[in-house]
Amino acid sequence: MSDPAGVSLSRSSETPAHRYGAALAARIESAWQDRWDLEGTFHTPNPTGPLCDGFDAVKDAKKLFVMDMFPYPSGAGLHVGHPLGYIATDVFARFKRMTGHNVLHTMGYDAYGLPAEQHAVATGQHPRVNTEQNIEIMARQLRRLGLGHDQRRAVKTTDREFLEFTQRIFLRIFNAWFDPDATNPLGGSGAARRIDELVAQFADGSRPTPTGQTWASLNESEQRTLIDSFRLVYSADVPVNWCPGLGTIVANEEVTADGRSDRGNFPVFKRNMRQWLMRITAYSERLVDDLDLVDWPEPVRLMQRNWIGRSFGARVKFGVPKMDKTIEVFTTRPDTLFGATFMVLAPEHELVGALTVSAWPEGTDLRWTGGAASPAEAIAAYQTAAAARSDIDRQVEMKTKTGVFTGSYATNPVNGKELPIFIADYVLMGYGTGAIMAVPSGDQRDFEFARQFGIAIDATIRPPDSWFAEQGIDPTLDCDRWGSAYVGDGSAVNSSNETLSLDGLGKADAIAAMNSWLESNACGHGTVQTKLRDWLFSRQRYWGEPFPIVHDEIGPIALPEAMLPVDLPETDQFAPRSFDADDAASEPERPLDRLTEWKNVELDLGDGRGKRTYVRETNVMPQWAGSCTYYLRYIDPTLVEALTVAENEKYWMGEKGVDLYIGGVEHAVLHLLYSRFWHKVLFDLGVVSTPEPFARLFNQGYIQAFAYTDARGTYVEASEVEERDGQFFYRGELVNREFGKIGKGLKNMVSPDDMYEAYGADTLRVYEMSMGPLEQSKPWETRAVSGAHRLLQRIWRLIVDEDSGECRVIDAAPQRDDLVVLHKTIDAVRAAMDDLRVNTPIARITELTNHLTSAYPSGAPRALAEPLVLLLAPFAPHLAEELWSRLGHPHSLIRQTFPITDPAYLSSETVEVPVQINGKLRGVVVVPTGADAAVLEAAARADEKIRAQIDDKTVRKVIVVPGRLVNFVVS
RNA sequence: GCGGGUGUGGCGAAAUUGGCAGACGCGUCAGGUUUAGGUCCUGGUGUCGAAAGACGUGCAGGUUCGAUUCCUGUCACCCGCACCA
């Protein structure tokens, strides 16, 4: 056969013309990739619909839906860290195809996003152009890896059909409300229902309106406002970081410690602003509880639980008699209510103004005044200072407690005590009610505050003696002698009034007793509080999905689904309007606001009102929107006018959802939480049939790389650094080695293109899989890649003559010891794959290869070469296909049966058993497999080395584990 | 500060339920082929020691006949969260 690559290879006369090298690998790989494309090898049939061709042939196979977290098409292209997970899913998917599964595996692009928009702002080029270019580059790099994706299903979130899909889901969520009394499909309480069911309830009177008026007596505006307040998508004033200089809202992480924007260094103002929100908090209970349904890494489930932050406690009302006000607090420790000695409000709390008295009460402690002449001055100064500090800054400065007194006192409902009310920034507006009752004996922050401000500390829990021992003090209930608050369990003391006594009760009983007392006295009730806040869903940007919403003079109106999609209008001005950097009162003007022809629109919404003028919503959706439910697009990529085809959705999602979802742990909370939320809404509405989207989640580790800094701390090009005697040099200069993420920033970029060129894609695949456990982060080392390359080279040489290129397998029957090694390898590979332990199978395949190359230096028996090729196929598919074809098989091996272990070769007649004396290895005896304890011990005693060491000693005990070991305990 | 994770040769790592520590690979050393190197092949390679042997899984304890594995404490590094009442 003609071998143009061989010509260049044989420039060096000793290199055989048909050695497996980079050039040959490149030819093999591109030939097989073309053939897979041509034959539609990875086209996976659906049960029904346009992609159902060939389903009959696989209808008895088990289905398997394997997904990667799809990438954002970055302009920098891929580095060698990106493909790790993609290779792993591909290896898994290929293995599963060879073990009889119908596998759905494809890849899409999460193509809306800020970088493309910023690129567009900087260059004036439409973000779609740049995004398409990036996708093209990444698609080429990924294709070169030989990933077995069904390309017909390779969607982009920016596709018009995908946009329509996202908007359709938005409408379903917008047109739904959460009914806490409804029964969800799992049988639990709380479910999303269609908004028209709510309207019907109001209309027929089965649900009273909040004001008690009849539905019919409300005017249109009142009716719509009422309904809108129930929707799962709603607008509200929420605190945001407004940056007039950029004209946008920025994320916390984009705000520097001194309250300025990362980009542009403009001032950032914390302000309330009208935003769209999604009512994810309605689902917090189910989002926590249903984590028990999924096979996910425990740390991720823990992170989600912590993020949702469910805690059980009570809401308690404290009266402020002089002001005729009530402060409501949330506490997790209602059992300590008798120990409350002061109250604290967040500086932004709405009651602060009303509670601030005109003059300091007589005898006010100077420490409480902040040095100001009046409470109003002190409060105003403190509020200004708190507002000026960024969130991050406010959280860092926590060592000393700060705060000022409002001059007002609240009454403790259980004992009538007067509690001074402070404001302090250690209480956050965003959690609970933004106010706390302070129990300094039972909360460390309150304790520190009380100490600093000279407030009484009253014990209401008797700490155990062991706690006092740790504190180094004698047991006492005089808290002035305590070194810290006691936050643990213990029996209550000093906790009684005329109608309630907690004294002697433990924490759980005391909480229960207090909660029922609060409820019967109408000053509180037990409740569940979460940290989770509703999802801020609107962005003042261009490159995102437009909301399918228009406004009339009353408010927002959802477009009918038939009017989808709402295309993103064309423009060449992608930046929002920016303002004077210090103009905190400015209002955002979004890119879509300027497109007045698009924005002001005349439509007939089909609601019987005919053609009317509306104003389109000009916010766009966040990037998360496209990634929430993209697995449904993989199932039916061409579907329009519906979200799913039930038969296909049920088939691919099965009982529990996507069978395997691999991605980085950085998405442990946000993406996975948003995705679960949307899925649950769709589940309640009957669109999807599983309670959870992802049955099994796996987080791959990061591939990191060394980076080098010179004497000035500047990164130098890592590829040019040389190592000499454990030190590192860049152009002769000593440099310092660091370790970090791969990328341009650290000048340690390694592109897969470099690896394709030097070794080929199969080598890269095998190397990345062999580096170590998939879930672990590990450093990249280019020079180690050669080991994987040499393995493939030796396998090639077992089957192909390097000089002639002819197949050189022999027909000789394999020896028993060959088959023993083979079947041990098969067994080990099969055992590891389900757990995605991809590194050890390659070690086993290497051992098999090493065995065969030394046993058969001039060509392996066919009966060994063929299973070896099949074992290799998931990892190095191109080479395996090529060898399979050269072994005389005309068809792809993609659906060949993966080799099956013959247990006859796994057990041998004899087994080596270690012999220990006092737990230390002293010898090894060979005994028949299955020898019992007596035989084993006799054999061990008969061993010369062992006998020599135990003869002159007393054997006190003999431990025999048949098949495992013998241990003599001697004195 | 809180939560989670990880610590094993020069390096990446391996070691079903506690039972032969270091499989496999990189690097390195020696030899072979070639000989200009490199490629390729074979063998050695945890540390100390001439050997016998001793020591050895971050460190210090504990449980056990026996611990990389279980428990307690501690140190280092990485990741996440940020006063969550």
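In what follows, chains are A, B, ... by sequence order, proteins preceding strands, each numbered from 1. As a basis for the values below, the full set of heavy atoms in this structure was taken, side chains included, without hydrogen atoms, waters or symmetry mates.
Contacts of R922(A) with the nucleic acid, taken as non-hydrogen atoms under 4.0 Å apart, involve only primed sugar atoms and P, OP1 or OP2. Residue contacts for I959(A): at a heavy-atom cut-off of 4.0 Å it reaches a base atom on one of the strands shown. Residue-level contact check: P773(A) touches the backbone only, with heavy atoms under 4.0 Å from sugar-phosphate atoms and none from bases. Heavy atoms of A784(A) sit under 4.0 angstrom from primed sugar atoms or phosphate atoms, though from no base atom. Within the nucleic acid shown, S770(A) has no heavy atom closer than 4.0 Å to any nucleic acid atom. Looking at heavy-atom distances under 4.0 Å, E298(A) makes no contact with the nucleic acid at all. K531(A) comes within 4.0 angstrom of a base, heavy atoms only. No contact: R310(A) has no heavy atom under 4.0 Å from any strand. In this structure, R797(A) reaches the sugar-phosphate backbone alone: every heavy-atom distance under 4.0 Å involves primed, P, OP1 or OP2 atoms, never a base. Using a 4.0 Å heavy-atom distance criterion, Q529(A) is classed as making no nucleic acid contact. Residue contacts shown for Q916(A) include a base, since a base heavy atom lies under 4.0 Å away. D446(A) comes within 4.0 angstrom of no nucleic acid atom, judged by non-hydrogen atoms across all strands.
Ranking rG12(B), rA85(B), rC24(B) by closeness to the A843(A) side chain, first place goes to rC24(B). Nearest to the side chain of T840(A), among rA14(B), rG19(B), rA85(B), sits rA14(B). Minimum atom distance to the side chain of R19(A) is reached by rU39(B), of the listed rG3(B), rC24(B), rU39(B). Checking rC65(B), rC84(B), rC11(B) against the side-chain heavy atoms of L428(A) singles out rC84(B) as nearest. When the nucleotides rG12(B), rC83(B), rG27(B) are ranked by their closest atom to the side chain of S786(A), rG27(B) comes out on top. Taking every side-chain heavy atom of W307(A) into account, rC81(B) is the closest of rC41(B), rC81(B), rC20(B). Looking at the side chain of T846(A), the nearest of the listed nucleotides rG12(B), rC24(B), rG80(B) is rC24(B). When distances are taken from the side chain of M771(A) to each of rG4(B), rA15(B), rG12(B), the shortest belongs to rG12(B). Minimum atom distance to the side chain of E847(A) is reached by rC24(B), of the listed rC65(B), rG19(B), rC24(B). Residue L965(A) places its side chain closer to rG19(B) than to any other of rA85(B), rG19(B), rG3(B).
At least one donor-acceptor pair under 3.5 Å links the side chain of Y382(A) to the backbone N or O of T402(A).
Regarding contacts with the backbone of rC79(B), every side-chain N or O of N699(A) stays at 4.0 angstrom or more from both OP1 and OP2. In this model, the phosphate group of rA14(B) is approached by a side-chain N or O of N839(A) to a distance below 4.0 Å at OP1 or OP2. Between R790(A) and rC26(B), a side-chain N or O to OP1/OP2 separation shorter than 4.0 Å is present. Regarding contacts with the backbone of rC65(B), a side-chain N or O of K957(A) is found under 4.0 angstrom from either OP1 or OP2. Contact annotation: R837(A) does not reach the phosphate of rU16(B) (side-chain N/O to OP1 or OP2, under 4.0 Å).
Remark: the separation of the C1' atoms in rA15(B) and rA60(B) is 25 Å, to the nearest Å. Remark: the separation of the P atoms in rA82(B) and rG3(B) is 16 Å, to the nearest Å. rU8(B) and rC59(B) are spaced 14 Å apart, taking the C1' atom of each and rounding to whole Å. Between rG49(B) and rG38(B), the two P atoms lie 31 Å apart (nearest whole Å).
For the pair L337(A) CG and rA85(B) C1', the computed distance is 13 Å after rounding to whole Å. To the nearest angstrom, P of rA85(B) lies 12 Å from CZ of F312(A). Atom-to-atom, CD1 of I703(A) to C1' of rC78(B) comes out at 17 Å; the value is rounded to the nearest Å. Computed from coordinates, the H18(A) NE2 to rU39(B) C1' distance equals 17 Å when rounded to whole Å.
The residue among E802(A) and N306(A) whose nearest nucleotide of RNA chain B is located toward the 5' end is N306(A). Nearest-nucleotide positions on RNA chain B place R844(A) closer to the 5' end than the other of R844(A) and V669(A).
Taking only distance into account, the side chain of R333(A) never meets the base of rA85(B) through a donor-acceptor pair shorter than 3.5 Å.
For K778(A) and E768(A), the salt-bridge test fails: no basic side-chain N is under 4.0 Å from an acidic carboxylate O. No salt bridge links E448(A) with R445(A); every basic N to acidic carboxylate O contact stays at or beyond 4.0 Å.
The six-membered or imidazole ring of Y767(A) lies away from that of H789(A), with a centre-to-centre distance of 6.0 Å or more. Here the two rings, on F342(A) and F453(A), have centers that are 6.0 Å apart or farther.
With its glycosidic angle more than 90° from 0, rG25(B) adopts the anti conformation.
Remark: rA36(B) base-pairs with no nucleotide in the shown strands. Criterion, Watson-Crick or G-U wobble with two distances under 3.5 Å.
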